[in-house]
Structures are given as C-alpha cells and as structure tokens.
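Each remark here refers to the structure printed beneath this line.
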Amino acid sequence: VQLQASGGGLVQAGGSLRLSCAASGRTPGGYTFGWFRQSQGKEREFVAAIHWSARTTYSDSVKGRFTVSRDNAKNTVYLQMNSLKPEDTAVYYCAANDGGLSTVLRTYHYWGQGTQVTVSS
C-alpha cells in the first residue's frame, strides 16, 4: 500500500484544515488507517484512526476537535481538524495496517510522507 498525504499548511489558532491521505496499491479496503504527528524534538504520537468498519478512535488531545473519515470509493482517508491550537503544530503522517483498530505506532506497517501543519497564535 502506498500512501500520499496532503492538505497541510499555515492556519491561525481557532481555524480549520482538512488533511487527505490517498491510498494506492494493494486493495486498502480492509485496512485500518491512522494519523500520527510529530512535532520538533518530540516522538511521533497517535492522533486518530479509522477501521475498515468505520469505527474510530482518537487521542484525548484531539477528541472533539478532529474527525477522521474515509471514502472507500476514492481510497482516501481524511482528517478534519477544527479549533486548531498552536500545540497542534507538527508534521502529520498517515499510516495503514491490515489489523484491527490500533493506537500503537509499531502496528502500522505502511507510511506516507508527512505534511506540515503550522498553527499560529
């Protein structure tokens, strides 16, 4: 599975962005897709994930502000980010695994390149 993330940019605090992750290669319909982020000097951390069944899970830091969704017909996963805060600034990565819904980084075997999100105060 190849993943291509896009949609990052610069936004003011309180604003919104929508990230996209286009999947190609092996049929990704049965995969779980996750979003992770890494800010400077910190480890990569889990943000959100969506199972092929459409079940979702979120980190506490983004719950209620971010929404993960998928369009299986377009093989694309989205991360709608609202009420952005400066602490959301990071490089955001999409990832996929062929297992269950997971928040654990090492369970994801396929990774896209990152897209930078910068939130100004």
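One-based numbering along the sequence shown.
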Answer whether the closest heavy-atom distance between the side chains of [X] and [Y] falls below 4.5 Å.
X: F46; Y: V104; answer: no
X: R37; Y: E45; answer: yes
X: T89; Y: Q116; answer: yes
X: L105; Y: R44; answer: yes
X: N75; Y: R70; answer: no
X: L79; Y: T67; answer: no
X: W35; Y: L19; answer: yes
X: W111; Y: L3; answer: no

How long is the gap from [atom1] on [X] to [atom2] on [Y], to the nearest 0.5 Å?
X: N97; Y: H109; atom1: CG; atom2: NE2; result: 6.5 Å
X: L17; Y: M81; atom1: CG; atom2: CE; result: 4.5 Å
X: L101; Y: W52; atom1: CG; atom2: CH2; result: 12.0 Å
X: Q113; Y: C94; atom1: CD; atom2: SG; result: 7.0 Å
X: Q2; Y: S24; atom1: CD; atom2: OG; result: 4.5 Å
X: Y78; Y: D71; atom1: OH; atom2: CG; result: 5.0 Å

Contact summary for [X] and [Y], nearest pair of heavy atoms:
X: A90; Y: S39; value: CB-N, 3.8 Å
X: S120; Y: L10; value: CB-CD1, 4.4 Å
X: S102; Y: A49; value: O-CB, 3.7 Å
X: S83; Y: S16; value: N-OG, 4.4 Å

- Carboxylate-amine/guanidinium contact K63 D60, below 4.0 Å: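 Looking at K63 and D60, the cut-off is met.
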
- Task: Evaluate the side-chain contact (heavy atoms from CB on, under 4.5 Å) criterion for residues R65 and D88: first the C-alpha distance (whole Å), next the side-chain angles of each, then the deciding distance (0.1 Å), finally the verdict.
- Result: CA-CA 11 Å; R65 300 188 297 123; D88 294 318; 2.7 Å; yes

- Message: Using ring centroids (six-membered ring only for Trp), state whether F36 and Y93 fall under 6.0 Å.
- Response: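 Y93 vs F36: aromatic centres not under 6.0 Å.
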
- Message: Against K74, only a single residue in N72, V77, T76 fulfils side chain to side chain contact (heavy atoms under 4.5 Å, CB included); can you say which?
- Response: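 With K74 as partner, N72, V77, T76 yield a single side chain to side chain contact (heavy atoms under 4.5 Å, CB included), made by T76.
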
- Message: Please check: side-chain N/O of T115 versus main-chain N/O of S6, any donor-acceptor pairing under 3.5 Å?
- Response: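 No; zero donor-acceptor contacts below 3.5 Å.
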
- Which class fits the ring pair Y92 and F66: parallel under 30°, tilted 30 to 60°, perpendicular over 60°?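 Tilted.
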
- Task: Tell me whether Y58 is reachable from Y108 by hopping between hydrophobic residues (I, L, V, M, F, W, Y) whose side-chain heavy atoms are closer than 4.5 Å.
- Result: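 No, it is not one cluster - the side chains of Y108 and Y58 are not joined through contacts under 4.5 Å.
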
